[in-house]
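Counting begins at 1 with the first residue of the sequence. Each ligand, and each atom within it, is numbered from 1 in the order the structure gives. Note that the coordinates shown come from a computational prediction; the quantities given were computed from them, not determined experimentally.
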Amino acid sequence: MKTNIVKEQFTIKFGSPAGWVYASPGRINLIGEHTDYNGSFVFPGAIDKRVVAVIRKNGTGKVRVWSVDLQDYAEFSMEESDLPKASWARYIFGVCREIIKRGGRLVGFDTAFAGDVPLGAGMSSSAALESTYAFALNDMFSLGIDKFELARIGQATEHHYVGVKCGIMDQFASLFGKEGNLIRLDTRSMEYKYFPFHPQGYKLVLLDTAVKHELASSAYNKRRESCENAARVVRENGYPTVEFLRDVTMDMLHEVKDKLSEEDFKRAKYVVEETSRVLVVSDALERDDYETVGRMMYLTHEGMSRLYEVSCQELDFLNRIAKECGVTGSRVMGGGFGGCTINLVKDHLYGTFLEKAQEQFARQFGHEPKVYEVVISDGARRVC
Ligand code: GLA
C-alpha cells in the first residue's frame, strides 16, 4: 500500500515528523443490494484496498489537506459556512462537521491521504475515506464515539455534504470488517453476525466495466424515494406497523398495486424479493451450499437489471458471459449504474471465464474489464 508515499508527501507539505497513520478499506457485498435503506439485510465484507491517511494536530483552527492521488490541496475551518470547493475535500469537511454536531471537540490538523480503492467501481471508495477520518479523529482526539456512530457520521456526511441518501452498509463494512469474514447486518436493529467465508474450490472475483454513470447519485436518491413511497402506501392501507419495505410481503404489495406507479411497484417488488434472498443465502452459507448462493446472485442481477433498473448493457453483458461459462454466481455489485460484477467462480473454470470475459468484452466495448481478486480483510485501524 501507499503508506510510505503518504508519509513522505506529508513531510514535504507539512514538515516532519509525520503524524499518526490510519487506514480504512472499501467493501464488497455478497448479496442484499439497495436493502440497507429499507431496514433490511446486507452481506458485505471489507477488502484489501483502502484509504491511508497521515494526520497531525497543527495547533490552529484550520484543517489543511493534501490529496496525494490528485496532487491537490484544500484548507478549511470547520465552520459550516466554510464548505470547501473541491468535492473530494467535502468528505473530510463533512466528517468534521458531523463530529462537531454530535458534540465532539476538534482542533485543526494537517493531513495527507491516498487510496487504492477504485473510484466509481462500486467498492465504496467514499465510505473508505469517510471511515478513515471518522475513525482517526475519534482516536486522535479521544472522543469516545462508538463504531456504530462513526458509521452514521460517514453516512450523514454523504447525506448532508455529498448529496447521496445512502444507507449504512458501506461505512459499517469499512469500520467493522474482519479478515476472512463476511458480515450479515440487520440494518434496522444494527445486529450483525460474522460469517467465515472460505469457499473451498471457489474464487470470488470482481470484473470492472469502468462505466461511470454521471447521474448516479440522483438516480440512487430516486430509487430510495420510490421505496419510501411504496412503504408509506402500504402503511396507509391497512398495515400501520410497516416502517420499511423490510416489513412488506408480496401479498401486501399486490393489495396496493393500483395505488402505486408502475415504477414504484417494480422497485418495491425487487426489494421485497431481495430481502428474502439474503436470508436464503445466509442459511445456505451455514451449509457451505455455494450453488444456492450463486443462484440467488443471478436472481439479484435479474432484479437489479429489470425491476430496479440500476444495471447497464456492459454489466448485463458480463453477467451473460458468466452464465454461459457456467460460473456459479454473478451479479452487479453495489449501487449499480456501472461499476463491477461480483462473480463466484469454481477454481477450474476461473481461467476460461476470465479469458472469455476479457476477450468478448473488449471486442464489444473496446477495452478489457479490470479484474480484482477479492481478499476479505480487516476494517478501520490505526496503522502506526
Ligand atoms: C451504495 C450505498 C449503500 C447501498 C448500496 C446498494 O453503495 O452507499 O448504502 O445502498 O449502494 O446496496
Looking only at side chains, do H34 and E274 share a donor and an acceptor under 3.5 Å apart?
->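 No donor-acceptor contact under 3.5 Å links the two side chains.
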Taking atom types as modelled and ignoring hydrogens, do the side chains of E80 and Y161 form a donor-acceptor contact shorter than 3.5 angstrom?
-> yes
Should the pair R90 and F93 be classed as cation-pi, given the thresholds of under 6.0 Å to the six-membered ring centre and 45° from the axis?
->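 Judged by the rule, R90 and F93 form no cation-pi pair.
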Checking K57 against F141: charged group under 6.0 Å from the ring centre and within 45 degrees of the axis?
->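 Checked: cation-pi criterion met.
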Pair H348 and F353, ring centroids less than 6.0 Å apart = no
Check whether the ring centres of F176 and F148 lie less than 6.0 Å apart, and answer yes or no.
-> yes
Amino acids in close contact with ligand 1, where any non-hydrogen atom sits under 4.0 angstrom away =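 Ligand 1 is contacted, at a heavy-atom distance under 4.0 Å, by R27, E33, H34, D36, Y37, C166, G167, M169, D170, Y220, G334, G335.
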